[in-house]
Each structure stands twice: as C-alpha cells, then as structure tokens.
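Below is one structure; the comments refer to it alone.
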Amino acid sequence: MSEEKKKPDNKRTVDPAALQVLERNDGKIETAYDRYVNMQPQCNFGRTGICCRICLQGPCRITKKASKGICGAHSYTIVARNLVRAITGGAGAHADHGRHIIYTLIEMLEGKTLDYSIEDPDKLRRVAQNIGLSVEGKEERELLKEVLEIAVSDFTKLSGEPCRWLEATVTGGRMNKFTDCNIQPRSVNTTIAESMGQTHMGVDADPVNLVFQGLKTALADYIGMHIATDLSDVLFGTPKPVTSEANLGVIDPEMVNIALHGHNPLLSEMVVRAAREMEAEAEAAGAKGIKCMGICCTGNEVLMRQGVPLVTNFLSQELPIMTGALDAMVVDVQCIMPAIRAVAECYHTRIITTMSHSKIPGSYHVEFTEDRAMEKAREIIYLAIEAYKERLPDRIDIPQVKNKVTAGFSTEALLDIFAAVNPDNPIKVLTDAIDSGQLRGVVLLAGCNNLRVLHDQSHASVIKGLAANNVFLVATGCVAGTAAKLGLMNDEAVEKYAGEGLKAFIHMLNEANAGKLNEKLPLVFHMGSCVDNSRAYDLNTLMANEWGVDTPKVPYAASAPEAMSEKAVAIGTWCVTLGMPTHVGVTPEITGSALVDGVALQIAHDVYGGYFIWEEDPEKSVDVILAALDERTWKLRVHRQAKERYETEAISAGW
Ligand code: NFS
Ligand code: SF4
C-alpha cells in the first residue's frame, strides 16, 4: 500500500493548481479533501458489496455469525443485486441525458423552440444511413423526424427485435453473442425498469442471472449514450480539432467568470452563445468581458465544440470558487457536489441550478426550458454580472497554472486526420501501425476522480506509462480533464512522454496534415464527455471490421484509473460486454462475493471476450494493460496467419 493511502491527508492531489488552493486554505473552508479524511474509516461491508438495504428488515450484513441475510440471501445474491442496481443508476443518468436531447429535437421540429437548429446536417445524414434509413431525396426535417422515431423506439419499445442503435454500431459477432446469451435489451427504458424489478426483495437470487441482467442494462446504457452523442452532434456540430487552455489559471480576474458544470450541452451551449452576445453588459459593469469555462463533462462538451477552456475536473470542483474570482457556477445534472453551495457562501459566487430535477438548497434556480432557452441563458449571465459587482478584491488569489490543450477528436475528426495518409481507407493507418509493431494498441482512458486514490495521480501515471510504451491514447470524461490540466494533452507532451513508435506515428500524422491543422497533434486524443465513450467504441468497431475479426481480438483496452460514479460502473460493464479488457483503478464493491468477482474477472472473458482488471497501483496498472494488449496482438497475428496459411476460420473462432 502506498504512503498516500495509509495516511490520508486533506491535500490529496498532484494538480499543482489545486494544491496551491488547498495549501492556502489549510482546511479553513471545508472541501471534499477534508471530508474524505473525516469519513475514515469507511465501512467494509459496503465497500465489498455485502450490505443489503433492499428491504426494511435490513440492513443485512454478511459476517461469520450471519452468513446470509434475514431472507436467506447469500452474499453472492446481495453483491450481484447491488452491482445491477449500480449499473442501472448509471444507465438511468445517461438515459436522462439522451432523452432530454430527444425531447428538445422533437420540440424543435414541432416549432415549440426557436433557439435550436440542425447545426450539422451531414451528421444527420450519416446517422440516418447508419441506422438503416434511406436518405435519398429527403429534406433535413423529414429525415430528422424519421431518426427521432427510431431513437424514441430504441428508448421505449417493448418488442424483442434489436435496438437499431446497437445493431448499427457494433460488429455482427457481438450481435450474435448478445442474442445467444439473451442479453439484447428491448429498449433503454424497459431494461432499466426490468432491472429495478428483478433486484427487488425476493425476486432473482441467482447471481449469474443477475449479472447477465446487469450486462443487458449496460448495453441499454450504451444505446442511450450513443443516441445522446449522435443527436448532440446533429444539434451542435461534430467536434473538430480545437486548441484552448486548462486549469485554474484560466480564471481571468478582469472578466466576469462563469463556470459551466454538469453534463448536458443543451444548456451550456446556450450560455456560451449568450455570453458572446452580452459583452457590452459586462463592460458596463466594469469588467473586460465574459469568460466561460467548463468543469466535468459539460466542460468537455463545450471544450470540444467551442474551445471553451476547462477550469478543473470532478474532485476539485469546489476550488475555482475559492480563487475569489468566480462569479457564477451554473450547473445542470450529474457529478455536482452539493458542497459547492456551502463554499460559495464564503464568497460572492452565485451557484445557479437549472434543472427541475437537480436542485441544491440555497442556490439560485433559473429553470431551464427548451422553449425559452436563450432567454434563460441571458438571465443566468445577468446574475453572474451582478455577482461580479460584489467581488471582494482582497480575497482574489488565482493560481497561475494553466496548460495548452488540443481537443475535439470525434471519430470523424480522427478519420479525417488518418485520411491524409490513406484517403481510401483511413482506419488502416491505425491498424497498420499496430500490425507493424509501431503502436502497441489503443487505450481508452475514461472515468472520474476518486479520493480513494491521490487526485489525478493515477490518471497521470497511467497516461505517461502507456505513452512511453507506444500506446495510442484516447480519453473522455474527467481523466481527459486531468490530461488537459496537467499539460498531457498537447504537442509538447508528445515530445516529452511518447515512446519512439508513438512519437513517429504522431509526427507522421502531423506531416500528412501540414497546412490542414492549426495545431500539432497531442499525446492524448480528447474524444469528449463520458457519453462520448460511444465515439471511442466506434473506433474499436472500425478496427475490428478492418481486421475482419470481432472486438475481443482487437488490441484495444479501456482504463478508468480513478472511477467513482455509477455511470462509470455502467460504462465499464458495457466495455467488457462489448469485448474490451477493462482496467479499473478503484476496486468496485463486489469483492465480498468470490463468485461474482470471478464472473467479472474470468467468466466474462470466457463468454464475452472482454473482462475486468482490478489494479489500484498505477505503475502495475500500466503493466497489466500492456500485457492485455500484447496478448491480443500476438493472438491476432497467430489467428490471421492460420487463416491465410491453412484457409481456415477454425482457430480464429475462440478469443
Ligand atoms: Ni463521467 Fe462526467 Fe467526471 Fe466521472 Fe462525472 S463528470 S459523466 S461520471 S466524474 S468522468
Ligand atoms: Fe436483508 Fe433480504 Fe431484506 Fe436484503 S432483501 S435487507 S438480505 S432481508
């Protein structure tokens, strides 16, 4: 166990900007870093998943004396049920996000909101084609209507045919597997509801059956996320490379500073637009202008599409307020610590909640509705300008730490970059580099921050370790935030941290794209928010199809070194179900049942080809991820040689 883990102190971060704020504060204003210390020791029953609170006879905790719950539920039932409920919580949150975007598009079509429009008609056509619609001769609105009908059906249908968004985005091999194992979701909403019913007291006691329902729910999560990403692109544009800055140093003492925090681009895009229109009002209040900046996945969304700087990531979300120069923090849904309100009480900062189902007592609430989106966005900016006038100049202290970040790598953007090398078959640029041994594989870095590990340290070490070993890195969510803040998401990082193969690969892409890109390519390619893990998975499907294999053969792993939320559990689970080795740096709450743990680590591999890896030590994590990639590259080579030499598929059938 590392020193940091043995002695939790209240400055558990490697982000130099966060550290400056925490050191100056020294526990005076309570933050998550202090609460983590106060929370020790944490309960080991909950930690290992063997606490059941599903009925009012509980909590039942499995001990030597009480080896079953009062109803007789075994540890494996309790652990499996808790796991399925966590996946369901995550899927519920993502579905919420996707559904909201669907509503908005429907209202737009019905003429009920005039503030939104189809920003990216090409994406609309691509999505329509992908899900099997004919696009010939159809005008945009007609096509959008048809796309939305399928989206609504994938969210709600009760019949058993496959969801179109799943069928359209995974390999044929995966679809067969899901049918064989009976884990095809009927629809997003139905599956979430099923899981809540199946995990009610006294329903399913079979851990394997429960875990399979968990996998089904994770696929429902994937469908909801993919719809959210695709439709967000239609509404706001598909991200293209863009350069900006990240970390607390982006706060500008002379501007009205507004942090956008949460997840849904529906609100944040509008606030960014309104801010651009309202510079004069800010100037009238004595500021030089308005500066928007992002936190968490909203931050990723507006960074990807608008180049809005990222101020910080999940764990340090209270700290921008403590610079004394943040005028408003506007939040929508998910990963928002209620604590921001208490911190804001010590400053002039206004916390503005915006969603009817996501409020914090004592905050300003500007209820965001699609039909009055811009009006609400302007109202929010006015509140921020008012707050600016109440600043206390002697409390302002902004750490001068920020780094250049190049982001905006949607799958389309990546393929464009590869196309400069191979216009006929862009994805082959990546698969060839792996075939030749120049790259060792691809890793998707995903997920959150978690105080169980040192803030941002696991992320940074896994990134550096994999880059040095020539792994092509894509990132989403708060790990992308770490990379951006710590200067790992720009061209300088390539020179500093990439191994020779990765460096040569990125240089080759830079040369081929000379004159086309404004900035040189980064070490880690930012693919967006957590729902945009769907983009990262599309890359996996493209690689599998190029090699003519199913995804369990592709040297492409996922890693969530600092996973925290139920959403992360859901994403990790679909990564496994969709065939990826999936490293998690914070062991989830399932080790209380050797059986369920074994399913995640071993049985999943046998059945689905993907599997979990629990490893908390960042250095060892790099080694196990590399081993997982190497195993696949080696097998891929053997399988392909056998196929060519003996003209047989036989050896290629297993994982
Ligand atoms: Ni993902 Fe994004 Fe961050 Fe984790 Fe939360 S913001 S949706 S859940 S903490 S990466
Ligand atoms: Fe206890 Fe069973 Fe009720 Fe869970 S469902 S709290 S194990 S009695």
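Quantities reported herein were computed from a predicted structural model and do not represent experimental measurements. Indexing begins at 1, ligand by ligand and atom by atom, following the structure's order.
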Close to atom 1 (Fe) of ligand 2, meaning under 2.8 Å, how many protein N, O or S atoms are there?
1
Whether the side chain of Thr298 engages the backbone of Gly262 through a donor-acceptor N/O pair (distance < 3.5 Å, no angle test) should be reported.
yes
Asn10 CG to Tyr36 OH distance, which is reported to the nearest 0.5 Å
12.5 Å
Considering heavy atoms of the protein only, find what lies nearest to atom 3 (Fe) of ligand 1 and give residue, atom and distance to 0.1 Å.
Cys478 SG, 2.3 Å
Would you mind finding which of Cys335, Ala480, Gly481 brings a heavy atom closest to atom 5 (Fe) of ligand 1?
Cys335
Closest to atom 1 (Ni) of ligand 1 among protein heavy atoms sits Cys530 SG, 2.2 Å
Shortest protein heavy-atom distance from atom 7 (S) of ligand 1, along with the residue and atom involved
His263 NE2, 2.8 Å
Short list, please: which atoms of ligand 2 are under 4.0 Å from a heavy atom of Arg81?
4 (Fe), 5 (S)
Within a radius of less than 6.0 Å around CZ of Arg35, do more than 12 heavy atoms belonging to other residues, nucleotides or ligands occur?
yes
Where do Trp165 and Asp230 land on the side-chain hydrogen bond (donor to acceptor under 3.5 Å, both in side chains) test, with the steps shown first?
CA-CA 10 Å; Trp165 247 274; Asp230 284 344; 2.8 Å; yes
Would you please determine whether Lys68 falls within less than 4.0 Å of ligand 2 on a heavy-atom basis?
no
Atoms of ligand 1, numbered as shown, that sit under 4.0 Å from any heavy atom of Met564:
9 (S)
Indicate yes or no for a side-chain donor-acceptor contact from Gln317 to the backbone of Cys335 under 3.5 Å, with no hydrogens or angles considered.
yes
Phe314 heavy atoms, cut-off 4.0 Å: which ligand 1 atoms fall inside?
9 (S)
Nearest protein heavy atom to atom 4 (Fe) of ligand 1, by residue and atom, and its distance?
Cys448 SG, 2.5 Å
Side chain Ser593, main chain Val596, donor-acceptor under 3.5 Å:
yes
Do the ring planes of Tyr222 and His226 sit parallel (below 30°), tilted (30 to 60°) or perpendicular (above 60°)?
perpendicular
Quick look: Ser565 vs ligand 1, heavy-atom contacts under 4.0 Å, and the answer is side chain
Working to the nearest 0.5 angstrom, can you tell me the gap between Met270 CE and Thr354 OG1?
13.0 Å
Considering only NZ, NE, NH1 and NH2 on the basic side and carboxylate oxygens on the acidic side, decide whether Arg99 and Asp96 come within less than 4.0 Å.
yes
So does Arg47 pair up with Glu589, basic N to acidic O under 4.0 Å?
yes
Donor-acceptor check, side chain of Asn300 to backbone of Gly477, threshold 3.5 angstrom: yes or no?
yes
Would you say Gly447 contacts ligand 1, with heavy atoms under 4.0 Å as the rule?
yes
